[in-house]
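Everything below concerns the one structure shown next.
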Amino acid sequence: MPERPTLDGLEHKWRERWERDGVYRFDRTKPRDAVFSIDTPPPTVSGRLHSGHVFSYTHTDLIARYRRMTGREVFYPMGWDDNGLNVERRVQLMTGTIVDPSLAYDPDFKPPVPPDGPGQAKAKPIPVSRPNFIELCQQVVPQLEESYHELWSTIGLSVDWSHTYTTIGPRATRVSQLGFLRLLDRGIAYRAESPTLWDVDMRTSVAQAELQDREVPGAYYRLIFRGPLGEPLPIDTTRPELLAACVAMVAHPDDARYQGLFGQTATTPIFGVSVPIVAHELGDPEKGTGLAMVCTFGDTTDVTWWRDLNLDLRVLLQRDGRLRSVTWGEPPFQSMDPVRAQAAYDELAGKTAKQAHSRIVELLQQSGDLEGAPRPITHAVKFWENGTRPLEIVSSNQWFIRYPEKAVLLERGEELRWWPDFMRVRYENWVNGLIGDWNITRQRFFGVPFPIWYPIDEDGTIDYLAPISADPGTLPVDPTTVPAPGFTESQRNQPGGFAADPDVMDTWATSSMSPMIVTGWEEDADLFARTFPMDLRPQAHEIIRTWLFTSVVRAHYELDTIPWRNAAISGFIVDPDRKKLSKSAGNQEGDPTLLIARHGADALRYWAAQGRPGLDMTFDEGQMKIGRRLATKLLNASRFALNLGPDPRDRDPDTMPGAPLDRALLAGLASVVEEATANFEQFDYARALERTESFFWPFCDDYLELVKNRAYGDAGDPDRDSVLVTLRLALETFLKLFAPFLPFVTEEVWSWWKTGSIHRSDWPQAAFVKAAAGPPIADGLLETAGEVLSLIRKAKTKAQVSMRAPVANVSITAGRDKLALITIAEGDIRNAGVVESPLRLTEGEEFLVEAILV
RNA sequence: GGGCCCUUAGCUCAGUCCGGCUAGAGCGCUUCCCUGACACGGAAGAGGCCACUGGUUCAAGUCCAGUAGGGCCCACCA
């Protein structure tokens, strides 16, 4: 035991020791029911970790450590999500590059900013080939992963670092591709041309799950269409630039104003296109004039109308977000006045949607088809959650996974145990709101490629509807570097040859397979049998609709089961003003490395452990200070207990606590163990900590003071032996109860007097502690003794003297039962309060303590 | 528009499931104390219409109904 114990340096010392001794290494010889397997979220390695990560990952570690101490062999791997748009963006920014797929690989390429540098590129990004870019990604990503690993180890996550994976690595790629091919064989994965939500900056499709609504300013413009008799038919629109893409006018079937018009046609202003006037339930009489123009496509409602009403398709927006050139007078751009339409449209072609918007408003004003002034509004518009410009809808060819029936998905949600249970509702809401199937295609570069090629006919046309699958035995495969089965590389992109599928999978298409990736599905049958279905999926509530949901879908299809038995949903960290502390907004204060340096890892974990499962919590450094104080207290109280002398049981193994106060302490401790255990079983680590802590402080402040004098007594004195035995029992129990929360300080203290790691020791048994307490004793003994001591202290405080100041005598009035308790503890009370004469006890109604100082 | 969660001391939160003494803790604040585990400490004090309104009950912070505010999820997006 060190002369003067300190918390400083414990993180470094113990993480090395744990790694060296393999304390958290998974023993794969254990049978399934002795294993507790955890499907940890692979953090996106696109940025810095912030205190929100520490918060939720600590929660998982608390559960892991508890389960390990209860005897389960914990399977706790860690993944890195280095796949996807976020990483691409990060690498682009870091290195000052942007992919141009038309460029060839340049072996001597050097990015403007070296990938191992700390800075970010300032200048305009330079174009780079796809293979060069992937090389850059592969250089950047391991550095990020290492910094994450560093933090996770320092914060004390009891992960088995020999079980790690990356979502772009060979294992994850193989599982993703195999899963895809199996669904393709069963017709569950399919390829289709379809209107797709499209980010014009990143130039990729975006899945429903990655959408985010944002309130943005806009304006209603009232455009005058002409009815069958030339009468004006005003409509309101926020997107006049799509007028040329108008394919119909829609109103609600019950809208009296338009009853006579359904089935007739109207004419669009400027472009003179004849469009049908149709009825649809989604028409809203309350909105604008009750009559809407349908364009292909301005928003998702347009897509619904277009599908439901079998409307024409007039596509204007290209994938770069600009309006394409079209020829008026030719299908599908028939016009009553093609010359005028062409003249007007030529002013829009090539412009971005925003530029075209401004110009067409001018044109409409000139032609007199705009009624009144624009009316500014704010409205919700769909964005990619990381994007900067509103999403557009383009028509393109994508891979989809068909969802199971909603009823089936809801049933799976029922099978899963949710902690807290109300989070199930998020899942159910999402399932009930599903529209269409899951688009798993991303037009990106750094991701899992589809193991697919397409034949090219003699005319050089690629037949996207006749995909050629990879042989499952050859996975993982990159179709852009390996020729299709039955072809040679020389036939790539040649007439009569083949073309690789150019796209990559949505990141969730891979992440959804994480339970299978980590458990060795289709690769390590033995490991799989011992770990799947997994015991726990911990995750944030914001990705219930993505990660949790898609994982349920995949396990349902592949293995006809839920992927895990429990889903523990953690909340967010919020700023004091209740805003979510987002990744980008994660300020300097929330930098976990700084926080650890300032307060220590145990203190940070203490703060995190106060977050109730599923509830958001405020970032609060004050809580970390308290955590540090608790850790320091453990250190000092332990030093006191262990410095008193050798364990009396070394001399006589049968030594038991005899003094009533000691036995009362152990009895109280036994019920704390009972409660903490029950709480942990319900994944309520926060309450377990609270129960433990609220017994630990009186233990230090009252109990230790009360027994000090006995503890300093002569060796062999039974009263002293009783204290020493009790202290050791209590200390061991407290250390174990705190071990999941404060792994470093508890291990440190453990190492002073025990062998092995506390984190591989047994979780305390309430029955054992209770047995040590012996036969039941009167309730409230410890509390009453503490109460009297507190009142004596109060007198000293009032007199502004030291707590060591002697007290001449103490008069106590109390009920009979209470007096009995006080009598039992009188010796300890007098010693702790430095009372020089026997307590003067009087029976009475009220509880009064009067201390006369010397 | 539908749903979920939250609202308790200046601040951060327990307590609500399962109704029961005078509603708790810590931080902060005030005062005092360096005592042989700990000054990175200890002792004590002030501080509360338990968001609001009604109901059930002998009894409501706790149960029921509703209202308001905050957060989030879903839907809508002409």
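None of the values given here were measured: they were computed from a predicted structure.
Rounded to the nearest Å, the gap between the P atom of rC27(B) and that of rG66(B) is 41 Å. Separating the P atom of rU67(B) from that of rC5(B) is a span of 16 Å, rounded to the nearest Å. rA14(B) and rU30(B) have their P atoms separated by 28 Å, with the value rounded to a whole Å. Comparing the same atom, C1', in rU57(B) and in rU8(B) gives a spacing of 23 Å after rounding to whole Å. Taking atom P on both rG15(B) and rU53(B), the two are 24 Å apart, rounded to the nearest angstrom.
At a threshold of 4.0 angstrom between heavy atoms, the contacts of Gly571(A) with the nucleic acid are absent. Residue Cys295(A) is classed as having no contact, given no heavy-atom separation below 4.0 Å to the nucleic acid. Among the heavy atoms of the strands, none lies under 4.0 Å from Asn643(A). Counting any heavy atom pair closer than 4.0 Å across all strands shown, Lys287(A) reaches a base atom. Residue-level contact check: Ile544(A) touches neither bases nor backbone, having no heavy atom under 4.0 Å from any strand.
Picking from rC4(B), rG42(B), rC13(B) the nucleotide with the shortest atom distance to the side chain of Arg426(A) gives rC4(B). Of all nucleotides listed (rA78(B), rC74(B), rC38(B)), rC74(B) comes nearest to the side chain of Trp430(A).
A salt bridge does not link Lys818(A) with Glu783(A): none of the charged nitrogens is closer than 4.0 Å to a carboxylate oxygen.
The stretch residues 682-697 of chain A touches RNA chain B through Arg687(A), Glu690(A), Trp697(A), each having a heavy atom within less than 4.0 Å of the strand.
With a 6.0 Å cutoff to the six-membered ring centre and a 45° limit on the axis angle, Arg629(A) counts as a cation-pi contact of Trp697(A).
Under the 3.5 Å distance criterion, the side-chain polar atoms of Thr296(A) are left unmatched by any main-chain donor or acceptor of Leu313(A). Using a distance-only test at 3.5 Å, with no hydrogens or angles considered, no donor-acceptor pair links the side chain of Thr692(A) to the main chain of Leu737(A).
Every residue two or more places apart in sequence or in another chain that forms a side-chain contact (heavy atoms from CB on, under 4.5 Å) with Pro613(A) is listed here: Pro420(A), Asp684(A), Tyr685(A).
Sorted by first and then second residue, the side chain to side chain donor-acceptor pair (under 3.5 Å) pairs with a member in residues 698-710 of chain A read Asp662(A)-Tyr703(A), Asp662(A)-Arg710(A), Asp702(A)-Arg793(A), Glu705(A)-Lys708(A), Asn709(A)-Asn831(A), Arg710(A)-Asp828(A); sequence neighbours excluded.
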